[in-house]
2 protein chains.
Amino acid sequence: MTEKQESILQAALKLFATEGYASTSTNKVAKVAGVSEGLIFRHFKNKEGLLNAIMGQSAAAAKAMMADVIMTNEPKEIIRKTLEIPFNIGKDEYEMWRLTYALKWQTNGYDSSGFDNVKLILRDAFDKLGYDDPAAEAELIFMFIDGAATSFLLHEPTNKGDILSSIKSKYNL
Amino acid sequence: MTEKQESILQAALKLFATEGYASTSTNKVAKVAGVSEGLIFRHFKNKEGLLNAIMGQSAAAAKAMMADVIMTNEPKEIIRKTLEIPFNIGKDEYEMWRLTYALKWQTNGYDSSGFDNVKLILRDAFDKLGYDDPAAEAELIFMFIDGAATSFLLHEPTNKGDILSSIKSKYNL
DNA sequence: TACATTTGTAAGTGATTACTCACTATTAAA
DNA sequence: TTTAATAGTGAGTAATCACTTACAAATGTA
């Protein structure tokens, strides 16, 4: 990975995340990255290839976040770690996640199938804890972490700690 | 409002919601609507004006949904009605909400400040019920309805009824 | 050194973009 | 029926789009 290659990725991520993929021209990416426009196509083939390179990194980061949850055995620990996922997103990852969330609404949106494994594990955890409807409870958790991540990425509320406490108390954690 | 004017709005909503605002050309809108491209600019001034016309309708629909909650007095009823909001979105409103949610991630995204009134009312309701941290609880509810709406609009889960039951039970409703 | 590959650029390309303009068709008041 | 306003069209426009191409600079490799 060349220096210029990385600056292209960095510029593209920033622009795609803030102004949208479709509204960002390759010309602008090149200017922000400080390279010739042609270099983008040399390295990434086309605009979509550039997006794929970025989303590849994003997918790797998402996988890393879930890895910890998947390797956990204790049911309550699984639920706690899943709930904490959105609270562990670092500021330096915000652009990446903003882009990921924005692309969800595009027709050819990137799949969130990586979360399916976690959903299964969660359902199993609720099952072991004797919950009435483990499947619904797992869905509920996912709705929360999705809503929480959205809230953090868009508004950054001040009382994140209190919110985490409140949700934890609902699962006796 | 002319017939052709309405077909422009209808076509634009459909295209903006499915393919994105930036990726939809006025040329395409005109073709789908079955009108000349120039007519779009006669009626809506420019592409952004067309979007504003659509989002105006969206804002009115959102206001209507919240009106019922705002006029409620009983704390538990307020919480129940707020939780049920995403479950009451009709299929015929899906395109509108998909567009609204997609635009949230754009830099010049449309404000969700209309929900601020509901948030205040919710906080008051939790306060009256003696909850430890009413503000955090209100935020929590909003995260849920946001996550639930997202889930419904993107995946349409089968067990919506069970999910509603599960969340209600957490507030003794 | 010689040669081959990769990295990078600048100046293009045709297609598409949002938008305008000159014009006609329709409607509605006088 | 004349007149004025609105509704609608189709052929433009300059600018911008993603992408290509011909070529030079840098880097490896024998």
Side-chain angles (χ1 to χ4, degrees), chain A residues 1-58 95 98-100 102-103 105-110, chain B residues 1-58 95 98-100 102-103 105-110:
Chain A
M1 185 81 74
T2 335
E3 231 178 67
K4 304 219 169 189
Q5 233 173 98
E6 291 198 60
S7 73
I8 289 171
L9 283 173
Q10 197 179 313
L13 171 59
K14 178 183 172 178
L15 290 168
F16 289 171
T18 53
E19 306 185 10
Y21 171 71
S23 342
T24 302
S25 66
T26 51
N27 177 2
K28 200 169 192 175
V29 172
K31 270 181 185 153
V32 172
V35 301
S36 67
E37 195 178 353
L39 193 60
I40 292 173
F41 296 92
R42 161 125 299 157
H43 283 310
F44 303 100
K45 189 179 178 183
N46 50 31
K47 195 185 174 184
E48 200 188 333
L50 175 56
L51 179 63
N52 287 337
I54 293 170
M55 295 312 288
Q57 297 181 241
S58 168
E95 276 178 355
R98 267 194 263 259
L99 177 57
T100 304
L103 288 173
W105 299 96
Q106 224 81 34
T107 28
N108 42 346
Y110 278 80
Chain B
M1 185 83 72
T2 335
E3 233 179 64
K4 304 221 166 186
Q5 233 172 99
E6 290 198 60
S7 74
I8 289 171
L9 282 173
Q10 196 180 313
L13 171 58
K14 179 183 172 179
L15 290 168
F16 289 171
T18 54
E19 306 185 10
Y21 170 70
S23 339
T24 302
S25 65
T26 51
N27 177 2
K28 200 169 193 175
V29 173
K31 271 184 183 149
V32 171
V35 301
S36 67
E37 195 178 353
L39 192 59
I40 293 173
F41 296 92
R42 161 126 303 160
H43 283 310
F44 303 100
K45 189 177 178 183
N46 50 31
K47 195 185 174 185
E48 201 187 334
L50 175 55
L51 179 63
N52 287 337
I54 293 171
M55 295 312 288
Q57 297 181 242
S58 168
E95 277 177 353
R98 267 193 265 259
L99 177 58
T100 303
L103 288 174
W105 298 96
Q106 225 79 34
T107 28
N108 42 344
Y110 277 80

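Heavy-atom basis, side chains included; hydrogens, waters and symmetry copies ignored.
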Query raised in the report: Listed by chain and number, what are the side chain to side chain contact (heavy atoms under 4.5 Å, CB included) partners of B:Ala102, not counting sequence neighbours?
Result: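 Checked B:Ala102 against side chain to side chain contact (heavy atoms under 4.5 Å, CB included); matches are A:Trp105.
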Query - Counterpart residues, side chain to side chain contact (heavy atoms under 4.5 Å, CB included), relative to A:Ser36 (two or more places apart) - result: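 Here the qualifying residues are A:Leu39.
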Requested in this report: For residues 3-27 of chain A, pull every pair meeting salt bridge (charged side-chain N to carboxylate O under 4.0 Å, His left out), keeping only residues two or more places apart or in separate chains.
Outcome: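 Counting only pairs at least two positions apart or across chains, the salt bridge (charged side-chain N to carboxylate O under 4.0 Å, His left out) contacts touching residues 3-27 of chain A are A:Glu19-A:Lys28.
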**Report entry** Pairwise salt bridge (charged side-chain N to carboxylate O under 4.0 Å, His left out) hits with a residue in residues 33-46 of chain B, at least two apart
**Finding:**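 Sorted pair list comes back empty.
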Query - Results of side-chain hydrogen bond (donor to acceptor under 3.5 Å, both in side chains) for A:Asn52 - residues two or more places apart only - result: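 Result, side-chain hydrogen bond (donor to acceptor under 3.5 Å, both in side chains) vs A:Asn52: A:Tyr110.
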Query - Contacts of A:Ser58 that satisfy side-chain hydrogen bond (donor to acceptor under 3.5 Å, both in side chains) - sequence neighbours left out - result: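 Result, side-chain hydrogen bond (donor to acceptor under 3.5 Å, both in side chains) vs A:Ser58: A:Thr100.
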Would you compute the distance between atom [atom1] of [X] and atom [atom2] of [Y] and round it to the nearest 0.5 angstrom?
| X | Y | atom1 | atom2 | value |
| --- | --- | --- | --- | --- |
| A:Thr26 | A:Leu15 | OG1 | CG | 11.0 Å |
| B:Arg98 | B:Thr18 | CZ | OG1 | 9.0 Å |
| A:Met55 | A:Leu13 | CE | CG | 9.5 Å |

Query raised in the report: Earliest and latest nucleotide of DNA chain D, 5' to 3', sitting under 4.0 Å from a non-hydrogen atom of chain A?
Result: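 Listing 5' to 3', DNA chain D meets chain A from D:dC17 to D:dT20.
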Query raised in the report: Got B:Leu51 and B:Leu103 here, is their nearest side-chain heavy-atom distance under 4.5 Å?
Result: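 B:Leu51 vs B:Leu103: side chains touch.
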Query raised in the report: Do the non-hydrogen side-chain atoms of B:Leu9 and B:Leu50 ever get within less than 4.5 Å of each other?
Result: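 In contact.
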Query raised in the report: Sequence neighbours excluded, which residues qualify as ring pair (Phe, Tyr, Trp, His ring centres under 6.0 Å) partners of A:Phe44?
Result: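 For A:Phe44 there are no ring pair (Phe, Tyr, Trp, His ring centres under 6.0 Å) partners, ignoring immediate neighbours.
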Query - Positional range of nucleotides in DNA chain C within the contact set of chain B, heavy-atom, under 4.0 Å - result: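 Reading along DNA chain C, I get C:dT17 to C:dT20.
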Query raised in the report: At under 4.0 Å between heavy atoms, what does A:Glu37 touch on the DNA or RNA strands: base, sugar-phosphate, or nothing?
Result: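 Base: the residue A:Glu37, judged by heavy atoms under 4.0 Å, touches a nucleobase.
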Query - the helix from C:dA2-D:dT29 to C:dA30-D:dT1: angle between end helix axes, five pairs per end, rounded to 10 degrees - result: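 Overall, the helix from C:dA2-D:dT29 to C:dA30-D:dT1 bends by 10° from one end axis to the other.
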Requested in this report: Write out all pairs satisfying ring-ring contact (aromatic ring centres under 6.0 Å, His included) with one or both partners inside residues 7-43 of chain A, taking only residues at least two apart or from two chains.
Outcome: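 Non-adjacent pairs meeting ring-ring contact (aromatic ring centres under 6.0 Å, His included): A:Phe16-A:Tyr21.
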Query raised in the report: Taking for each residue the nucleotide of DNA chain C with the nearest heavy atom, is it B:Asn46 or B:Arg42 whose nucleotide lies nearer the 5' end?
Result: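 Looking at the nearest nucleotide for each, B:Asn46 comes out on the 5' side.
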Query raised in the report: When you measure from every atom of DNA chain D, which of residues 22-35 of chain A have a heavy atom less than 4.0 Å away?
Result: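 Contacts with DNA chain D under 4.0 Å: A:Thr24, A:Ser25, A:Thr26.
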